[in-house]
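Just so you know, ligand 1 is whichever comes first in the structure, and atom 1 is the first atom listed for that ligand. For clarity, every value in this text was computed on a predicted model and none was experimentally measured.
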Amino acid sequence: MSLLRETLLKELGISPVWQLKESGKHGQIDTTVSETGRDSGRRGQIMRMDWNELRQAIQTCTACDLYKTRTQGVVGVGDERAEWLIIGEAPGADEDAQGEPFVGQAGKLLDAMLAAIGLKRGENVYIANVLKSRPPGNRNPAPEEVEACQPYLERQIQLIQPKLILALGRFAVQSLLNTDEAISRLRGRVHQYQGVPLIVTYHPAYLLRNLPDKAKAWEDLCLARETMASLKS
Ligand code: URA
């Protein structure tokens, strides 16, 4: 194990040191993301947008009340044709101010988690959130806010065409998998989002408060890495 990885795992609070397992076979996974038909209405319009239109639509969106309190919409960051798509919950105060996802404390941990499996923000990785606008006081997203924002994330996934999605925390997991199940029951296996393999793990902000679960997050990251390797073999 390299010194860098060892240092990063230490930073993640994981010990004893976990080894990456041999990559397993998960079969041929269909990564085709279906194109929505030419349906009319707001969702249909969003499904036909290119990146510039999408960015503009998010910045001017008034579909829920969050536009009244946000500084700016937070679209996402990274490689727009990345193989890895990381999806979090919603911008916090730092993200709202800087216009980039995961730039606060949780973001530092996310960067360390990515580095532990050889990934770097912006390099073959795209990071987005379920909500593009900050809920005031960092409260949980309301169901109508998630619903209003859903087409943006759907369109981002269609445009990016990731090979693998890593869903961080309850809101990302439940909205992408359309389930009420707890993360603890969903993690440890490969799910599918419209034909794209999806791995579930804990949100970095949760991990900062629940240190013992970092070891589980490391297992999830290993599963994600194995799954990606199996897609390429
Ligand atoms: N938490 C999230 O889910 N997303 C961010 O961008 C920042 C914190």
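- Panel note: side chain Glu95, backbone Glu100; no donor-acceptor pair is recorded below 3.5 Å.
- The side-chain tip of Arg42 points at the ring of Tyr152 from less than 6.0 angstrom away and within 45° of straight on.
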Can you give me a line-by-line list of nitrogen or oxygen pairs between ligand 1 and the protein shorter than 3.5 Å?
{"unit_1": "ligand 1", "atom_1": "1 (N)", "unit_2": "His203", "atom_2": "NE2", "d": "3.3"}
{"unit_1": "ligand 1", "atom_1": "3 (O)", "unit_2": "Glu89", "atom_2": "N", "d": "2.7"}
{"unit_1": "ligand 1", "atom_1": "3 (O)", "unit_2": "Ala90", "atom_2": "N", "d": "3.3"}
{"unit_1": "ligand 1", "atom_1": "3 (O)", "unit_2": "Asn129", "atom_2": "OD1", "d": "3.4"}
{"unit_1": "ligand 1", "atom_1": "3 (O)", "unit_2": "His203", "atom_2": "NE2", "d": "2.7"}
{"unit_1": "ligand 1", "atom_1": "4 (N)", "unit_2": "Ala90", "atom_2": "O", "d": "3.0"}
{"unit_1": "ligand 1", "atom_1": "4 (N)", "unit_2": "Asn129", "atom_2": "OD1", "d": "2.8"}
{"unit_1": "ligand 1", "atom_1": "4 (N)", "unit_2": "Asn129", "atom_2": "ND2", "d": "3.4"}
{"unit_1": "ligand 1", "atom_1": "6 (O)", "unit_2": "Phe102", "atom_2": "N", "d": "2.9"}
{"unit_1": "ligand 1", "atom_1": "6 (O)", "unit_2": "Asn129", "atom_2": "ND2", "d": "2.9"}

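- In this structure the side chain of Glu181 never reaches within 4.5 angstrom of the side chain of Gln174, judged on heavy atoms.
- The hydrophobic clustering, which links ILVMFWY residues whose side-chain heavy atoms are closer than 4.5 Å, places Phe171 and Ile165 apart.
- The main-chain N or O of Arg81 is never found under 3.5 Å from a side-chain atom of Gln161 such that the two would form a donor-acceptor pair.
- Separation of the Trp218 and Tyr202 ring centroids does not fall under the 6.0 Å cut-off.
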